[in-house]
Amino acid sequence: MHRTSQFLRHYHRTRVANRAAKPCDVFINHRGIDTKRTVATLLYDHFNRLNLHPFLDSKNMKPGDKLFDNINGAIRKCKVGVAVFSPRYCESYFCLHELALMMESRKKVIPIFCDIKPSQLRAVDNGECAMEDIRRFNWALEEAKYTVGLTFDSLKGNWSDVVTSASDNVIKTLIEMEGEKQMQRHKSTPILDV
């Protein structure tokens, strides 16, 4: 716990200093109809309380913003993604596009399977998407299916538990990424013989 709070204090100080360069730490991918009023907003608020900078479309975008420009930019610049899979998730072109972009960008994605099993995830060709998009979406869904994630049954589970577990995983990932970045800096620092 001490390491986590120490990391969060340091992370907040550097993030405040570099706010313009770091638009978001965590991208929350979700189907609004299913999860915006529950787990997606709870995650967003929890990450904010931890002084992380989450991206949630309804919180970060304002009228007049270009949808794809803002979302694609946030995904490309985020450090980690949280994908909240829900029963109607695969009906949304936007959800699938965001997931595919996170996977293509090689972002660490933490899946939350909320009221759905990984085996139920499948992009369906309803004639509205190009076949290339359907292939891309199904590839991203396959990647997510085989990523260890969190499962949540909204009828039996506690929202606080899933939010805490997800944020613990995000923080652990950010700590690991920061450690790797420091190791890379250390390796690239030349040693001078005097």
Side-chain angles (χ1 to χ4, degrees), residues 11 15 18-116 118 121-145 147 149-150 162-163 166-167 169-171 173-174 177:
Y11 196 75
R15 190 177 65 81
N18 299 319
R19 181 158 286 194
K22 296 183 181 181
C24 96
D25 298 312
V26 185
F27 186 91
I28 303 170
N29 166 252
H30 71 293
R31 174 75 166 150
I33 290 172
D34 294 337
T35 63
K36 187 169 305 290
R37 296 178 141 204
T38 55
V39 70
T41 301
L42 290 169
L43 283 167
Y44 178 87
D45 291 342
H46 191 72
F47 291 137
N48 264 330
R49 280 192 298 279
L50 293 173
N51 291 319
L52 298 176
H53 190 211
F55 184 95
L56 183 64
D57 55 0
S58 63
K59 300 282 189 174
N60 295 83
M61 294 179 63
K62 57 190 180 311
D65 284 349
K66 299 284 185 188
L67 191 63
F68 281 107
D69 291 347
N70 282 278
I71 288 174
N72 293 355
I75 290 170
R76 286 188 180 103
K77 293 178 183 176
C78 77
K79 292 180 174 66
V80 63
V82 174
V84 182
F85 296 104
S86 57
R88 298 186 60 193
Y89 179 95
C90 291
E91 295 173 17
S92 169
Y93 176 88
F94 292 105
C95 290
L96 295 169
H97 168 75
E98 292 169 6
L99 178 67
L101 188 55
M102 284 191 291
M103 295 299 188
E104 292 162 352
S105 301
R106 299 191 162 307
K107 300 296 178 183
K108 171 104 179 222
V109 176
I110 298 168
I112 300 174
F113 301 101
C114 186
D115 297 328
I116 193 165
L121 298 175
R122 185 170 295 106
V124 179
D125 182 8
N126 59 6
E128 295 177 17
C129 291
M131 279 310 294
E132 181 55 36
D133 283 337
I134 297 295
R135 279 192 290 277
R136 182 174 165 248
F137 297 160
N138 277 318
W139 168 80
L141 289 167
E142 286 299 311
E143 292 290 310
K145 285 179 192 181
T147 301
L150 305 169
V162 75
V163 167
S167 66
N169 280 286
V170 165
I171 291 167
T173 298
L174 291 171
M177 292 172 81

Dump the intermediate steps for side-chain contact (heavy atoms from CB on, under 4.5 Å) on I112 and L43, then the final yes or no.
-> CA-CA 11 Å; I112 300 174; L43 283 167; 4.0 Å; yes
Qualifying residue for side-chain contact (heavy atoms from CB on, under 4.5 Å) with L99, from L141, I75, L121 = L141
Please report the C-alpha distance between V109 and T147 in whole Å, then the side-chain angles of each, then the deciding distance to 0.1 Å, and finally whether the side-chain contact (heavy atoms from CB on, under 4.5 Å) criterion is met.
-> CA-CA 8 Å; V109 176; T147 301; 5.7 Å; no
Pairwise side-chain contact, [X] with [Y], heavy-atom cut-off 4.5 Å (strictly under):
X    : Y   : value
V170 : V82 : yes
F94  : D57 : no
F55  : I71 : yes

More than 12 heavy atoms of other groups within 6.0 Å of K36 NZ = yes
Over all atoms of both residues, closest heavy-atom pair of [X] and [Y]:
X    : Y    : value
F113 : A144 : CZ-O, 3.8 Å
P54  : C24  : C-CB, 4.4 Å
Y89  : V84  : CD1-O, 3.4 Å

About how many Å separate [atom2] of [Y] and [atom1] of [X], when rounded to the nearest 0.5 Å?
X    : Y    : atom1 : atom2 : result
L174 : N169 : CG    : CG    : 11.0 Å
I28  : C78  : CD1   : SG    : 10.5 Å
R122 : F137 : CZ    : CZ    : 16.0 Å

Does the side chain of T35 pick up a donor-acceptor pair with the side chain of H30 at under 3.5 Å?
-> no
Between H97 and D133, do the side chains contain an N or O donor and an N or O acceptor separated by less than 3.5 Å?
-> no
Chi angles and distances behind the side-chain contact (heavy atoms from CB on, under 4.5 Å) call for C114, D34 = CA-CA 9 Å; C114 186; D34 294 337; over 6 Å; no
[Y] backbone acceptor or donor facing [X] side chain under 3.5 Å:
X    : Y    : result
S105 : K107 : no
D25  : K79  : no
S92  : R88  : no
Y93  : C129 : no

